[in-house]
There are 2 protein chains.
Amino acid sequence: MPKKKTVEPDITTEEKIKEAARKVFLQKGYAATRTRDIAEEAGLNLALLNYYFRSKEKLFEIVMMEKVQKLFGVLAPILNDNSTSLEKKIELAATNHIGMLMENPDLPLFVMSEIRNNPERFAGKIQAVKLIQESHFVKQLKEKRPDINPLHFVISLLGMVLFPFIAKPVLQEAGSLSVKGFQSMMEERKALVPIWMKALLKTR
Amino acid sequence: MPKKKTVEPDITTEEKIKEAARKVFLQKGYAATRTRDIAEEAGLNLALLNYYFRSKEKLFEIVMMEKVQKLFGVLAPILNDNSTSLEKKIELAATNHIGMLMENPDLPLFVMSEIRNNPERFAGKIQAVKLIQESHFVKQLKEKRPDINPLHFVISLLGMVLFPFIAKPVLQEAGSLSVKGFQSMMEERKALVPIWMKALLKTR
DNA sequence: GCCACTTTTAATCATTTGATTAAAAGTTTT
DNA sequence: AAAACTTTTAATCAAATGATTAAAAGTGGC
C-alpha cells in the first residue's frame, strides 16, 4: 500500500534524475556532461536536478560510487569464498565478471578515467582493491606459488578480463571488430581466461 | 644555419603551444581542458593559440594523433620483423612497450578515453591496430597455434602490458601501491610478461 | 629609413553552463 | 477549506569559455 501520496508514482522524480545521470555520465564522462543533458534525458526541468541533488558534483559522486561498486563488487564474494579452490575462483571470477561486463561494457573505462581525472576525490574511498589483496584467493595463491607476487597475478587476471572492454572502442573504430564479433569473442573468453590463467600457475 | 630570422629561437611559439597542449590535454583530457590552461602553461597569450591552430579542436587532433602513434608505434616494427622468432617478438614487445610506458604512464588511458568519447572523429584513422593484425607476428602465431584466435592472444598481450598503466590511478588511490612500488613492479613485469605469454602458447 | 608582412597583445563577443530565485501547482494536515 | 509544506516551472544570474578583432610590436627586404 502507498505510504504518503494518494497515487505513488512507480518511479520517483529523484530516481528519474539518477537514472538519466547514470546514462549520460557513463556515456560522456563528468567533464563533457551538461546538467541540461541530464535534465533533458530525464524529461524534467533543469532546476529539479539542483533541488534534489544540490549540484552536478554531488549527483556525480552518487553515480560514481554505484559504478565502482558494480565494477568490483562481483569479485569480492567469489575471491573470498573459503570453500572453493584457487582454480574454481579463477573460473568463477572470469565467467561472472565477463558476463557482467558484457551488459555494462563501458563500465571499466568510465571508472578508470574518472578516477584518473580526479584522484583526490576518491582517495581512500575505494576499498574494493584492498579487499581483493587481502582475499582468500590471494592467500591460496601465496601458498601454491610463494614465488609469484600476488599483485602481478591479480593485475594480469583483471587485465585479461577488463582490458578487452577498455580497448573495445579502439578495436571497433579501427574497423577490426564488429559489435557481434566482440560479443562472441567475449563469450569465448569466459572459457579461455581460466585456461590461460591456470597455465600461468604452472610456469616454473 | 638559420633560415629566415636573424636569431632563430631554439623553440618556436608554435612548438611552445603544442608542448603545453600535450601536457594539459594528457593530464585533463579534451573536455576538461580550457584553452586558457594551455595558453597559461605555455606562458603565452590566449589569442596566439587560435592564431596558430585555429581552434581547440584542431590543436587537439594534432596532439591526439601524436599520442596514438606513440602508443602503438613501438610495436609495429617489432611485430613485423621477419627475422625474429615468435618468442623473441613477445620479449621485445613487452620490454620495449613497458619501457616506453614507464616514461608515459598516462598514455594508454588518455588514448582509450578520448577515442571512447569521440569515436566518430577517429573512425578509420587508426591503422595501428589493423597493422598489428596483419603482422608477421600473427602469421607466426597462426602457424604455431592454428587453434588460437590471434586477436584473443594479441588482446591478452596488450592487456598484460597496458592494463597495469590503465589501472594505476585506481591502485594508487586505493592506497595499495606507491609510486616507487609501481615503478619496480613494471620493471619486473618486463621479464614476467614474456614468461607468462609463452606459457599460454604451450596450453593444450 | 620606409614598406610589406608576420607575430603578439589587450579588449571584447556571443554562447554555454551551473546554479538560484520567486512564483505557481500540487499535496498533506488540521 | 484554510494553512503549511513539498514539488515543479519559467526566468534569470554570474562566471566561464572558445573565439574574434583591431591595434601594437617586431622582422626582413630594399
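In what follows, chains are A, B, ... by sequence order, proteins preceding strands, each numbered from 1. A quick note: this is a predicted structure, and the numbers were derived from the prediction, not measured.
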Visitor: Under 6.0 Å from the ring centre and within 45 degrees of the ring axis: does the NZ or CZ of B:R121 meet both conditions for the six-membered ring of B:Y30?
Guide: yes
Visitor: Does any residue of residues 14-33 of chain A have a heavy atom under 4.0 Å from DNA chain C, and if so, which ones, in number order?
Guide: A:T33
Visitor: Ring centres under 6.0 Å, that's the criterion: do A:F163 and B:F163 meet it?
Guide: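 Here the rings of B:F163 and A:F163 have centres that are no less than 6.0 Å from each other.
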Visitor: Once side chain to side chain donor-acceptor pair (under 3.5 Å) is applied, do any residues pair with A:Q172, and if so which ones, sequence neighbours excluded?
Guide: none
Visitor: Just how far, in rounded Å, is C1' of C:dG18 from NZ of A:K58?
Guide: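 Those two atoms, NZ and C1', are 13 Å apart.
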Visitor: Could you grab the distance from atom NZ of B:K144 to atom CD of B:E87, nearest 0.5 Å is fine?
Guide: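 Answer for the NZ-CD pair, B:K144 versus B:E87, is 4.0 Å.
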Visitor: From the set C:dA19, D:dT8, C:dT6, return the single nucleotide nearest to any side-chain atom of A:S55.
Guide: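 The answer is C:dA19, which lies nearest to the side chain.
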Visitor: Who passes salt bridge (charged side-chain N to carboxylate O under 4.0 Å, His left out) against A:K89, sequence neighbours left out?
Guide: none
Visitor: What is the distance from CZ of B:R36 to C1' of D:dG18, rounded to the nearest Å?
Guide: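 It works out to 7 Å between those atoms.
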Visitor: With respect to the side chain of A:Y52, which nucleotide from C:dT6, C:dT17, D:dT7 is positioned closest?
Guide: D:dT7
Visitor: Between D:dA16 atom P and B:D37 atom CG, what is the distance in whole Å?
Guide: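 For the pair B:D37 CG and D:dA16 P, the rounded distance is 12 Å.
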Visitor: In chain order, what residues pass the ring pair (Phe, Tyr, Trp, His ring centres under 6.0 Å) check against A:Y52, with sequence neighbours excluded?
Guide: none
Visitor: Rounded to whole Å, please give me the gap between NZ in A:K56 and C1' in C:dG18.
Guide: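 So the two atoms are 8 Å apart, to the nearest Å.
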Visitor: Just verifying a value: how many Å separate B:L200 CG and A:L192 CG, rounded to the nearest 0.5 Å?
Guide: 8.5 Å
Visitor: Using the test ring pair (Phe, Tyr, Trp, His ring centres under 6.0 Å), find all partners of A:F182 that sit at least two apart in sequence or belong to another chain.
Guide: A:F165
Visitor: Using a 4.0 Å cut-off on heavy atoms, which residues in residues 38-50 of chain B reach DNA chain C? List them by number, or say none.
Guide: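 DNA chain C contact set from residues 38-50 of chain B: B:N45, B:A47, B:L48.
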Visitor: Does D:dG18 have OP1 or OP2 sitting under 4.0 Å from an N or O in the side chain of B:T35?
Guide: yes
Visitor: Is the distance from OP1 or OP2 of C:dT8 to the nearest side-chain N or O of B:T13 less than 4.0 Å?
Guide: yes
Visitor: Going by atom types alone, do B:R189 and B:T95 pair a side-chain donor with an acceptor below 3.5 Å?
Guide: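 The answer is no; no qualifying pair exists.
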Visitor: Rounded to the Å, how far apart are B:E57 CD and D:dA19 P?
Guide: 8 Å
Visitor: Please report the distance, rounded to the nearest Å, between CZ in B:R54 and P in D:dA19.
Guide: 10 Å
